[in-house]
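Computed from a predicted structure; not experimentally measured. Just so you know, residue 1 is the first one in the sequence shown, and it goes up from there.
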Amino acid sequence: MSTVTLPRWHWGDPSSPHQALIVHGLGSSAHSTWRLSEALADAGWSATAVDLRGHGDAPRASRYRIDDIAADLLGTRPVTGYTWGLVVGHSIGGAGVAQAAGTDASFTERLVLLDPALVVDEPARETVLAGQLANHDGATVASIAEQFPRWHPLDVELRVRSAKAASRFALERMVLDNHDWDVTAFVPHIAAPTLVIAADPDHGAMFVGELAERVLAMNPLLEQVVIAGAGHSLHRDDPEATVRALLDWLRAGETP
């Protein structure tokens, strides 16, 4: 398995003892995490976001399995130290960080999964692929703003930029290479306290229903909150509630 070095973008004080890694979803980029990264930086964290392989400025590759994403992330460590204090992953990025954390306990001390795509069946994969390619080929600021009227103008702009900056081949292969898309076998091995911030089941959540119940029962370190009214891109649909859930959980876990 050939790993790649992921480009990093940074918010906050690099010398902070609190080091966080933020991982975007399919068709996005490190820049698209700006609301989360900025909020963590304002809370005293050194926030580093990466472009996944085939996205943004990251190297292109021949394979795009979640195994590869997890391996790339395990090779991404803080500039100082070896273990992240916090790792946050959205969608397929959530699947990648879950596999990484379930593979190596030294990866992170705490884990947050934003509506993670831990299991995606064939019909859902077809829908995801069609949407990703449509965005890559034809998304405009006007079309994304019309589709997501609640989004901040920067989120709209960066959604278009990220979709077009991603390799079309990578977008295809991240779906087609993962014909067996299911990383739940790694969940019982996650050794870090983990918060799943899920989207609203009535608004296109991917972590929902029987899957959510089954995954949460696999590991007592997992807990869940749901952002009412937010879709799969919950950090863009309702960034205030998403950030509040994240920061409240971090504060609750601090040692008195």
Original post:
Closest heavy-atom contact between Arg77 and Trp84?
Top reply: C-CZ2, 3.4 Å

Subject >> Shared hydrophobic cluster, Val112 / Val215 (ILVMFWY, side-chain heavy atoms < 4.5 Å) >> reply: no

Original post:
Quick check: does any side chain N or O of Thr33 sit under 3.5 Å from a backbone N or O of Ala30, one acting as donor and the other as acceptor?
Top reply: yes

Original post:
Any salt bridge between Asp177 and Arg65, counting N to O under 4.0 Å?
Top reply: no

Original post:
Mind checking whether His24 and His55 have parallel, tilted or perpendicular rings, split at 30° and 60°?
Top reply: tilted

Subject >> Under 3.5 Å donor-acceptor, Asn219 side chain and Ile190 backbone >> reply: yes

Original post:
For Leu86, which of Leu40, Leu111, Leu21 qualifies under side chain to side chain contact (heavy atoms under 4.5 Å, CB included)?
Top reply: Leu40

Subject >> Test item: Asp155 side-chain N/O and Trp151 main-chain N/O as donor-acceptor pair under 3.5 Å >> reply: no

Original post:
Salt bridge or not for Arg168 and Asp137, using N-O below 4.0 Å?
Top reply: yes

Subject >> Presence of salt bridge, Arg53 and Asp72, under 4.0 angstrom >> reply: yes

Original post:
Which atom names give the shortest non-hydrogen contact between Leu74 and Ala100, and what distance separates them?
Top reply: CD2-O, 3.6 Å

Subject >> N/O donor-acceptor pair under 3.5 Å between Ser162 side chain and Arg159 backbone >> reply: no

Original post:
Going hydrophobic residue to hydrophobic residue with side-chain gaps under 4.5 angstrom, can you get from Val243 over to Leu250?
Top reply: yes

Subject >> Residue pair His152, Trp34: steps toward the ring pair (Phe, Tyr, Trp, His ring centres under 6.0 Å) verdict >> reply: CA-CA 11 Å; His152 190 285; Trp34 70 279; 5.0 Å; yes

Original post:
Is there a donor-acceptor contact under 3.5 Å from the side chain of Asn178 to the main chain of Asp180?
Top reply: no

Subject >> Single-linkage hydrophobic cluster Leu171~Val4, side-chain heavy atoms < 4.5 angstrom >> reply: yes

Original post:
Within a strict 4.5 Å, meaning less than it, do heavy atoms of the Leu113 and Val88 side chains meet?
Top reply: no

Subject >> Worked verdict on Leu234 versus Ile197 for side chain to side chain contact (heavy atoms under 4.5 Å, CB included) >> reply: CA-CA 9 Å; Leu234 65 175; Ile197 306 180; 3.5 Å; yes

Original post:
Looking at Val120, Leu114, Val119, Leu118, which one forms a side chain to side chain contact (heavy atoms under 4.5 Å, CB included) with Met206?
Top reply: Val120

**OP:** Dump the intermediate steps for side chain to side chain donor-acceptor pair (under 3.5 Å) on Trp9 and Asp51, then the final yes or no.
**Re:** CA-CA 8 Å; Trp9 307 91; Asp51 289 329; 3.3 Å; yes

Subject >> Cluster link Phe169 to Val128, ILVMFWY, side chain under 4.5 Å >> reply: yes

Original post:
Hey, does Pro116 have a side-chain heavy atom less than 4.5 Å from the side chain of Val196?
Top reply: yes

**OP:** Carefully, step by step, assess Ser46 and His10 under the rule side chain to side chain donor-acceptor pair (under 3.5 Å).
**Re:** CA-CA 7 Å; Ser46 172; His10 187 264; 2.7 Å; yes

Subject >> Passing candidate, side chain to side chain contact (heavy atoms under 4.5 Å, CB included) with Leu6, options Ile69, Asp57, Val50 >> reply: Val50

**OP:** Using atom types as modelled and distance alone, determine if a side-chain donor or acceptor of Ser16 lies under 3.5 Å from a backbone N or O of Gly44.
**Re:** yes

Subject >> Presence of salt bridge, Arg214 and Glu210, under 4.0 angstrom >> reply: yes

**OP:** Step by step, work out the side chain to side chain contact (heavy atoms under 4.5 Å, CB included) result for Ser29 and Arg161.
**Re:** CA-CA 9 Å; Ser29 69; Arg161 175 181 173 183; over 6 Å; no

**OP:** Output yes when Asp237 and Arg35 qualify as a salt bridge under the 4.0 Å nitrogen-oxygen rule, no when they do not.
**Re:** no

**OP:** Only counting residues at least two apart or in another chain, list the ones meeting salt bridge (charged side-chain N to carboxylate O under 4.0 Å, His left out) with Arg244.
**Re:** none

Original post:
With a 4.5 Å heavy-atom cut-off, do His90 and His232 have their side chains touching?
Top reply: yes

**OP:** Could you tell me which non-hydrogen atom of Trp11 sits nearest to which non-hydrogen atom of Ala49, and how far apart they are?
**Re:** CZ3-CB, 3.8 Å

Subject >> Asp115 side-chain N/O to Ala199 backbone N/O, donor-acceptor pair under 3.5 Å >> reply: yes

